[in-house]
Amino acid sequence: MQTQQRQRAVRTPVRVRARRWKPRWERPSAKRVLDLALGSALLALSSPLLAAGAAVLAARRPPGGVLTHSPRVGLDGHVFVLRSLRTRRLRLDLLSRLPYVVRGDLSLVGPEPLTPDEANKSRTEAPGTSPAARHWRQELKPGLTGLAQVRSRSGMPWDEPALLDQHYAEHHGVGMDLAILARAVHGPLREAAQGLARRGKARLSDTDHRLSGYSAAEEVGSVSTD
């Protein structure tokens, strides 16, 4: 009996330690689920367009290469290199960052990704904030788009990018993310539609409806004889 009790006493700490070191699976947040699901879908849909854009840029051989490389500060102050297509047509530069959303360095919606110098400057020169409040950027992933980006053209005096990013950090949620994404998509689509409408109006001039062989001099002559 004593031998069995000693064996149990020796085995018990080993079992406890094994339980303590057992890795725990953490449930992903709703924001991460949205980033992974929607980010993967957008990446799959935009991959042919991104490949075509990269091929066109490679044929033109821009200085510096097809991609831009820039260090950015992410969650918990983690610095990573952000690579983007060297073009802003059709927002290909933003779409080319979707792999970082799927990987987890970026979120679909969040504060603007800052360089290390910009991040240090924002922490030291943020007006009217305490030192603890200046580190809110490190508690959120930077975003592919954000509240500051969709409201950058509103012209309102209180729409400072830093204030908008801080407002998002204090009130962010899945509902706000979906609203920002809808506005981010609606803006470019509206601009594209307005551009097509202007081009159509420019082509539809009065001369387009005149018969062949018509000349403006004949019209002036007919008016003067009347």
Side-chain angles (χ1 to χ4, degrees), residues 29 31-32 34-36 38-39 42-43 46 50 53-54 57 62-174 176-181 183-185 187-188 191:
S29 63
K31 185 177 179 65
R32 178 55 186 160
L34 178 65
D35 288 342
L36 192 57
L38 188 54
L42 291 175
L43 181 60
S46 60
L50 293 174
L57 287 174
V66 174
L67 300 176
T68 62
H69 303 74
S70 177
R72 302 288 171 164
V73 179
L75 184 66
D76 296 328
H78 170 68
V79 179
F80 63 97
V81 179
L82 183 62
R83 297 174 177 86
S84 309
L85 279 179
R86 198 180 294 274
T87 178
R88 295 195 64 82
R89 291 189 176 183
L90 303 177
R91 302 297 176 92
L92 291 181
D93 58 331
L94 293 179
L95 293 177
S96 65
R97 299 177 183 178
L98 283 171
Y100 294 91
V101 175
V102 177
R103 193 171 68 181
D105 292 324
L106 292 177
S107 180
L108 286 174
V109 181
E112 184 179 0
L114 301 180
T115 64
D117 293 339
E118 292 172 342
N120 293 330
K121 186 177 180 180
S122 66
R123 287 196 297 265
T124 57
E125 298 183 1
T129 56
S130 62
R134 296 172 188 170
H135 295 282
W136 58 265
R137 283 186 178 273
Q138 296 186 3
E139 299 176 359
L140 284 176
K141 293 179 183 178
L144 197 69
T145 186
L147 187 61
Q149 289 90 325
V150 298
R151 297 190 62 175
S152 60
R153 299 181 181 179
S154 65
M156 297 297 180
W158 55 82
D159 282 356
E160 293 291 336
L163 295 178
L164 291 173
D165 283 340
Q166 186 171 357
H167 175 81
Y168 173 82
E170 295 172 353
H171 303 90
H172 70 91
V174 175
M176 180 179 285
D177 285 1
L178 292 175
I180 292 174
L181 287 172
R183 189 165 180 177
V185 173
E191 292 178 0

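Residues meeting the ring-ring contact (aromatic ring centres under 6.0 Å, His included) test with H69, sequence neighbours left out: none. The salt bridge (Lys or Arg N to Asp or Glu O under 4.0 Å) check on D165 picks up R137, with sequence neighbours excluded.
L85 has its side chain within reach of L50: a pair of non-hydrogen atoms, C-beta onward, lies under 4.5 Å apart. For the pair V73/L114, no side-chain contact is recorded, criterion being any heavy-atom separation below 4.5 Å from C-beta on. L98 is listed as a side-chain neighbour of L144, based on a closest heavy-atom distance under 4.5 Å. No side-chain heavy atom of P142 sits less than 4.5 Å from a side-chain heavy atom of R72. Between L36 and V102, the closest side-chain pair of non-hydrogen atoms falls below 4.5 Å.
Between atom CG of residue L94 and atom CG of residue L42 there is a gap of 11.5 Å, rounded to the nearest 0.5 Å. In this structure, the separation between CD on Q166 and CG on L140 is 11.0 Å, given to the nearest 0.5 Å. Rounded to the nearest 0.5 Å, atoms CG (L164) and CG (L147) are 5.0 Å apart. Here the NZ-CG distance, from K141 to D105, works out to 8.0 Å after rounding to the nearest 0.5 Å. Here the straight-line distance linking atom CD1 of I180 with atom NE2 of H172 works out to 11.0 Å at 0.5 Å rounding. Rounded to the nearest 0.5 angstrom, H167 NE2 and M176 CE are separated by 4.5 Å.
Contact record, G39 with L108: N-CD1, 4.2 Å, taken as the closest heavy-atom pair. Of all heavy-atom pairs spanning P62 and L57, the tightest one is CD-O, 2.9 Å. Contact record, G146 with V109: CA-CG1, 4.2 Å, taken as the closest heavy-atom pair.
A donor-acceptor pair under 3.5 Å is formed between the side chain of R86 and the backbone N or O of L67. Formation of a donor-acceptor pair under 3.5 Å by the Y100 side chain with backbone atoms of V81 is found in this model.
D93 and S84 share no donor-acceptor pair across their side chains, judged by distance under 3.5 Å alone.
The aromatic rings of F80 and H78 lie parallel to each other, their planes meeting at an angle below 30°, with 60° marking the opposite boundary.
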